[in-house]
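To start, the structure itself, in structure tokens.
When reading the values below, keep in mind they use all heavy atoms of this one structure, side chains included, and skip hydrogens, waters and symmetry mates. Counting convention: from 1, in listed order, for ligands and their atoms alike.
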Amino acid sequence: MVAGPALFRLAFAARCPSLPRMAKDRTLATIAVYSLKGGVGKTTFAINLAWASASISKRRTLLWDLDPQAASSWLISTDQTSRDAAQAIFSKDVEVRKLIQPSTVPGLDLIAADTSLRGLDHLFREMDKKKRLARLIDSLGKDYDRIILDCPPGLTETSEQVLRAADLIVIPVIPSPLSQRAMGEVARYLVQRGGSPAPILPVYSMVDRRRSLHRKALDDQPGWPAIPMASAIEQMTVRRKPLGAFASTSPPAREFAALWTRIERQLGDR
Ligand SMILES: Nc1ncnc2c1ncn2[C@@H]1O[C@H](COP(=O)(O)OP(=O)(O)OP(=O)(O)O)[C@@H](O)[C@H]1O
Ligand SMILES: [Mg+2]
């Protein structure tokens with residue numbers, strides 16, 4: 001059985017930088033923030049990485065909220081009226097551009113989630129179009145440089161679509177055995193599934209260096225970026241803003257900026 005650090009090396013071995021979908025003339029890159037587990041920091045990552053893309057890199061950026069909980073949408077939407085239309089994009093009942101709205105962050109657009117997405121797994125199964133999300137993303141290639149996907153947890157039809165559409169899969173990992181196991185499961189799944197999986201970038205989330213378990217996890221994977229547990233991050237939900245918009249010089253904001261730089265570098269190596 002493959003386990004522990006060996007499995008993580010396996011995950012990195014899943015990198016395949018010369019995929020056909022990464023044509024030379026294409027500047028668009030899709031970054032999925034994904035995890036099997038809930039509550040690990042996906043939405044927090046998605047919002048702050050999207051902010052960094054739009055504000056630091058000045059990229060034309062779209063945040064696509066695929067989670068029916070609609071947390072990203074609640075945090076940065078300029079229009080809080082739910083239209084129950086988010087799922088209709090996928091059945092082509094609504095043109096994807098019609099649901100793009102500006103967010104509260106300059107330079108960052110949003111496709112908001114709503115509760116209609118609860119039926120998305122069922123819809124994808126019924127449609128039997130394995131690359132529907134990837135094709136919709138491709139259709140936006142002229143309009144955006146970076147598309148960030150805030151994903152629901154789980155290994156579902158929706159995550160299948162996400163894993164196929166992404167150029168890079170960022171996985172927040174709380175330094176705990178369960179969260180690390182979930183990360184290993186995703187890596188194992190991608191390898192077993194075959195094809196040309198996108199590279200995965202595990203990132204420690206909610207790190208508290210006072211805890212010995214966290215310090216040990218960091219020692220085990222010194223190459224993984226780490227986002228600290230921070231009250232400024234909790235404040236995001238009170239202020240409904242990305243960190244950069246109200247605490248841009250705080251340590252966690254700097255860690256997110258560094259993470260974004262690393263992501264850009266990795267995308268540049270494609
Ligand atoms: N580094 C951090 N420091 C402090 N609080 C954090 C940090 N990261 C996330 N949180 C808080 O933890 C909670 C869960 O984070 P978040 O919503 O980003 O997780 P998620 O993986 O998107 O959850 P879900 O699976 O429900 O979509 C939120 O209240 C968020 O503000
Ligand atoms: Mg979330």
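Between the CG atom in Leu123 and the CZ atom in Arg118 there is a gap of 13.5 Å [rounded to 0.5 Å]. Rounding to the nearest 0.5 angstrom, the gap separating the CG atom in Asp143 from the CG atom in Asp109 is 9.0 Å. Atom-to-atom distance recorded for Asp150:CG and Ile47:CD1 is 7.0 Å, nearest 0.5 angstrom.
Under a 4.0 Å criterion applied to the non-hydrogen atoms of Pro153, ligand 1 contributes the atoms 25 (O). Near Val40, meaning under 4.0 Å from any of its heavy atoms, are these atoms of ligand 1: 19 (O), 20 (P), 21 (O). Distances below 4.0 Å separate heavy atoms of Gly38 from the following atoms of ligand 1: 25 (O). The Met206 neighbourhood of ligand 1 comprises atoms 1 (N), 2 (C), 7 (C), 8 (N), 9 (C), 10 (N), 12 (O), with distances under 4.0 Å to a heavy atom of that residue. In the vicinity of Gln69, heavy-atom distances shorter than 4.0 Å reach the ligand 1 atoms 24 (P), 26 (O), 27 (O). Residue Asp67 approaches ligand 1 through these ligand atoms, each under 4.0 Å from one of its heavy atoms: 27 (O). Counting atoms of ligand 1 from 1 in the listed order, those under 4.0 Å from a heavy atom of Pro228 are 1 (N), 2 (C), 3 (N).
With distances taken over non-hydrogen atoms, the option nearest atom 21 (O) of ligand 1 out of Met229, Lys42, Glu234, Lys37 is Lys42.
Nearest protein heavy-atom contact of atom 19 (O) of ligand 1 is Gly41 N, 3.0 Å. Annotation: atom 24 (P) of ligand 1 to nearest protein heavy atom, Gly39 N, 3.5 Å. Here the protein heavy atom with the shortest distance to atom 6 (C) of ligand 1 is Ile233 CG2, 3.6 Å. Regarding atom 17 (O) of ligand 1, its nearest protein heavy-atom neighbour is Thr43 CB, 4.0 Å. In this structure, atom 28 (C) of ligand 1 lies nearest to the protein heavy atom Thr44 OG1, 4.9 Å.
Cluster annotation: Val40 and Leu213 are assigned to distinct hydrophobic clusters (Ile/Leu/Val/Met/Phe/Trp/Tyr, side-chain heavy-atom contacts under 4.5 Å, transitive). Note on Trp224: it clusters hydrophobically with Ile171, by side-chain heavy-atom contacts below 4.5 Å among ILVMFWY residues. In the hydrophobic clustering of ILVMFWY residues, with side-chain heavy atoms under 4.5 Å counting as a link, Phe246 and Leu108 come out together. Hydrophobic clustering of Ile, Leu, Val, Met, Phe, Trp and Tyr side chains at less than 4.5 Å, counting indirect connections, keeps Met206 apart from Leu36.
Between Asp138 and Lys131, no side-chain nitrogen of the basic residue sits less than 4.0 Å from a carboxylate oxygen of the acidic one, so the salt-bridge criterion is not met. Ion pairing of Asp220 with Lys216 is present here, as a side-chain N (NZ or NE/NH1/NH2) and a carboxylate O approach within less than 4.0 Å.
In this structure the side chain of Leu133 reaches within 4.5 angstrom of the side chain of Trp64, judged on heavy atoms. Taking 4.5 Å as the limit, every side-chain heavy atom of Thr158 sits out of range of all side-chain heavy atoms of Gln161.
Neighbouring protein atoms of the Mg ion (ligand 2) (N, O or S, distance under 2.8 Å, waters ignored): Thr43 OG1.
There is no protein heavy atom less than 4.0 angstrom from atom 13 (C) of ligand 1. Protein non-hydrogen atoms do reach within 4.0 Å of atom 8 (N) of ligand 1.
For the pair Thr237 and ligand 1, the shortest N or O to N or O distance does not fall below 3.5 Å. Some N or O of Ala230 is nearer than 3.5 Å to an N or O of ligand 1, by distance alone.
Side-chain contact of Thr61 with Asp145: a donor-acceptor pair under 3.5 Å is absent, judged by distance alone.
Under a 4.5 Å side-chain heavy-atom cut-off, the cluster of Ile, Leu, Val, Met, Phe, Trp and Tyr residues that includes Leu178 has no other member.
Between Phe124 and Phe90, the ring planes are perpendicular. Angles over 60° get that label, and only those under 30° would be called parallel.
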